A.B. asks: 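Take a look at this one; I'll ask things after.
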Protein chains: 2
Amino acid sequence: MLSQKTRYAIRAMQHLADFHGKGPVQLADIAEAQKIPPKFLTVILSELTRSGLVASQRGKDGGYWLGVPPIDISYGDLIRIMRGSLALVPCASRYAHERCRNCVEEENCRTRALMLQVRDKTANLLDSINLSDSVEADAFLQAAE
Amino acid sequence: MLSQKTRYAIRAMQHLADFHGKGPVQLADIAEAQKIPPKFLTVILSELTRSGLVASQRGKDGGYWLGVPPIDISYGDLIRIMRGSLALVPCASRYAHERCRNCVEEENCRTRALMLQVRDKTANLLDSINLSDSVEADAFLQAAE
DNA sequence: CTTAATCTCAACTAATTTAATAGACAATAA
DNA sequence: TTATTGTCTATTAAATTAGTTGAGATTAAG
């Protein structure tokens, strides 16, 4: 499951995508529109800003905007940034591979191959949709291979 | 990510599958072979027994065995039983659907359709492999549609 | 050059979930 | 009757997640 924080991050990014090219959006506006606790949102937006996906400016008339065009930000990217990996188990992660704790030797693992397949299918989908897509009902059914 | 408990459950079930048809396997044996804390394993095996996937007998020469042929137990089943759902968000679960907390209205949700796709692809894979499959390197590449 | 508006950041607290253990009890075979 | 093995509820411990506090740092405008 995605954490609450990751879900907030996704909604915040969608909001920024909606206002892309229209100047800075303030934290308070995002928080209200997306029902996110404002103080918690500062943590999330700071993280996203550090990652480069979001740009920001302080002071009067400051705010946040996408640091990268929405078409270049996939849902896969967002989840990777917020939770580190798309995989179901650490040893099946491509970008953040790690041994699973208390597990048998990786070579003897009987599910790793399967978990890698799941990860790849998941990545395939999540990386095919980006913040400029509408992601309505079945808008991307064709993207689903 | 799958919880440690779910991963232990999967390994325990693989172990039981290995000894399917060969009489009861004792908890202590599973614990040792699969490096699972024995007391914790009692909790896990009791849960699996209650679900019907595992059968058990108490007393001398007692133990556990599969209550269902290994070919009829998919990895999807195991994960559903242990964590309730295959989905990334509660609202994208098929069997355990639930509204996401602190979210916008489900109809206005911009990611639900995507999350449903991810869930379905995941289910597709996880339900196609069962405890009688070897799940080695690429043993199931053809299963991957 | 002061003020109000905004973001930044580290530290902290609270809540929840996950992992693991304890210990009394029930069933079974010998 | 005893040793063995699973069952169950409660409890504790550890880790993670969610959310808050409060003291800065920047910026635009007057």
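In what follows, chains are A, B, ... by sequence order, proteins preceding strands, each numbered from 1. For clarity, every value in this text was computed on a predicted model and none was experimentally measured.
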A.B. asks: Nearest heavy-atom pair of B:C91 and B:E106: which atoms, and what distance?
C.D. replies: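 That would be CB-OE2, 3.7 Å.
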
A.B. asks: So if I take the C1' atoms of five pairs at each end of the helix from C:dC1-D:dG30 to C:dA30-D:dT1 and get each local axis, what angle do the two axes make, rounded to 10 degrees?
C.D. replies: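 Nearest ten degrees gives 10° for this helix.
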
A.B. asks: Could you check A:R101 against B:R50 and say which one's nearest nucleotide on DNA chain D is further toward the 5' end?
C.D. replies: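 Result: B:R50.
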
A.B. asks: Using the test ring-ring contact (aromatic ring centres under 6.0 Å, His included), find all partners of A:Y8 that sit at least two apart in sequence or belong to another chain.
C.D. replies: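 Expected list: A:F40.
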
A.B. asks: Give me each pair satisfying salt bridge (charged side-chain N to carboxylate O under 4.0 Å, His left out) with a member in residues 3-20 of chain B, each pair once, sequence neighbours excluded.
C.D. replies: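 Salt bridge (charged side-chain N to carboxylate O under 4.0 Å, His left out) check on residues 3-20 of chain B returns A:R110-B:D18, B:K5-B:E47.
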
A.B. asks: B:P24: which residues meet the side-chain contact (heavy atoms from CB on, under 4.5 Å) condition with it, sequence neighbours left out?
C.D. replies: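 Counting only residues at least two positions away or on another chain, B:P24 forms a side-chain contact (heavy atoms from CB on, under 4.5 Å) with B:W65.
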
A.B. asks: Determine whether a donor-acceptor pair (N or O, by modelled atom type, separation under 3.5 Å) exists between the side chain of B:N130 and the backbone of B:I71.
C.D. replies: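 Here the side-chain-to-backbone pair exists.
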
A.B. asks: Could you check which residues of residues 86-99 of chain A get a heavy atom under 4.0 Å from DNA chain D? Sort them by number, please.
C.D. replies: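 Within this stretch, nothing sits under 4.0 Å of the strand.
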
A.B. asks: If you round to the nearest 0.5 Å, how far is CZ of A:R119 from CG of A:L114?
C.D. replies: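 Going from CG on A:L114 over to CZ on A:R119, the span is 14.0 Å.
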
A.B. asks: Nearest 0.5 Å, please: how far is CG in A:L16 from CD1 in A:I30?
C.D. replies: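 So the CD1 of A:I30 and the CG of A:L16 are separated by 4.5 Å.
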
A.B. asks: Could you note down all residue pairs passing salt bridge (charged side-chain N to carboxylate O under 4.0 Å, His left out) where residues 72-87 of chain A supplies at least one of them, sequence neighbours left out?
C.D. replies: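 Checked against salt bridge (charged side-chain N to carboxylate O under 4.0 Å, His left out) - neighbours excluded - the pairs reaching residues 72-87 of chain A are A:D77-A:R80, A:R80-A:D127.
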
A.B. asks: Is there a side-chain contact between A:T122 and A:V118 in this structure, where contact means two heavy atoms from C-beta onward sitting under 4.5 Å apart?
C.D. replies: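 The answer is yes; the side chains approach within 4.5 Å.
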
A.B. asks: Kindly give the heavy-atom pair with the smallest separation between A:P69 and A:H20, and that separation in Å.
C.D. replies: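 Here A:P69 and A:H20 meet closest at CA-NE2, 4.1 Å.
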
A.B. asks: Are the side chain of B:S128 and the backbone N or O of B:L125 linked by a donor-acceptor pair below 3.5 Å?
C.D. replies: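 Present.
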
A.B. asks: Among all residues two or more places apart in sequence or in another chain, which pass the side-chain hydrogen bond (donor to acceptor under 3.5 Å, both in side chains) test with A:S51?
C.D. replies: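 Here no residue qualifies.
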
A.B. asks: What residues from residues 52-61 of chain A pass a heavy-atom cutoff of under 4.0 Å to DNA chain C?
C.D. replies: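 A:S56, A:Q57, A:R58, A:G59, A:K60, in order of number.
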
A.B. asks: 5' to 3' on DNA chain D, which nucleotides open and close the contacts with chain A (atom under 4.0 Å from a heavy atom)?
C.D. replies: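 Going 5' to 3' along DNA chain D, contacts run D:dA18 to D:dA28.
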
A.B. asks: Among side-chain atoms of B:T49 and B:S46, is any donor-acceptor pair under 3.5 angstrom?
C.D. replies: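 Short answer, no.
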
A.B. asks: Identify, residue by residue, the members of residues 21-32 of chain B with a heavy atom below 4.0 Å from DNA chain C, and return them in order of residue number, or none.
C.D. replies: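 Heavy-atom contacts with DNA chain C come from no residue of residues 21-32 of chain B; none.
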
A.B. asks: Tell me what B:R83 touches on the nucleic acid: a base, only sugar-phosphate, or nothing, going by heavy atoms under 4.0 Å.
C.D. replies: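 Touches nothing.
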
A.B. asks: Flag the pair B:L78 / B:L131 as yes when at least one side-chain heavy-atom distance between them is below 4.5 Å, and no otherwise.
C.D. replies: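 When only atoms from C-beta onward are counted, B:L131 and B:L78 do touch, with a gap below 4.5 Å.
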
A.B. asks: Which heavy atom in B:L27 sits nearest to a heavy atom in B:T42, and how many Å separate them?
C.D. replies: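 That would be CD1-CG2, 3.5 Å.
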
A.B. asks: What are the two closest non-hydrogen atoms of B:C100 and B:V89, and how far apart are they?
C.D. replies: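 Heavy-atom minimum between the residues: SG-CB, 4.0 Å.
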
A.B. asks: Collect all protein-nucleotide pairs involving nucleotides 18-21 of chain C in which both atoms are nitrogen or oxygen and the distance is under 3.5 Å.
C.D. replies:
from	atom 1	to	atom 2	distance (Å)
C:dA19	OP1	B:Q4	N	2.7
C:dA19	OP2	B:K5	N	3.3
C:dA20	OP2	B:Y8	OH	3.3

A.B. asks: Output every pair passing salt bridge (charged side-chain N to carboxylate O under 4.0 Å, His left out) with a member in residues 31-42 of chain A, not counting sequence neighbours, ordered by first then second residue.
C.D. replies: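 Found none.
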
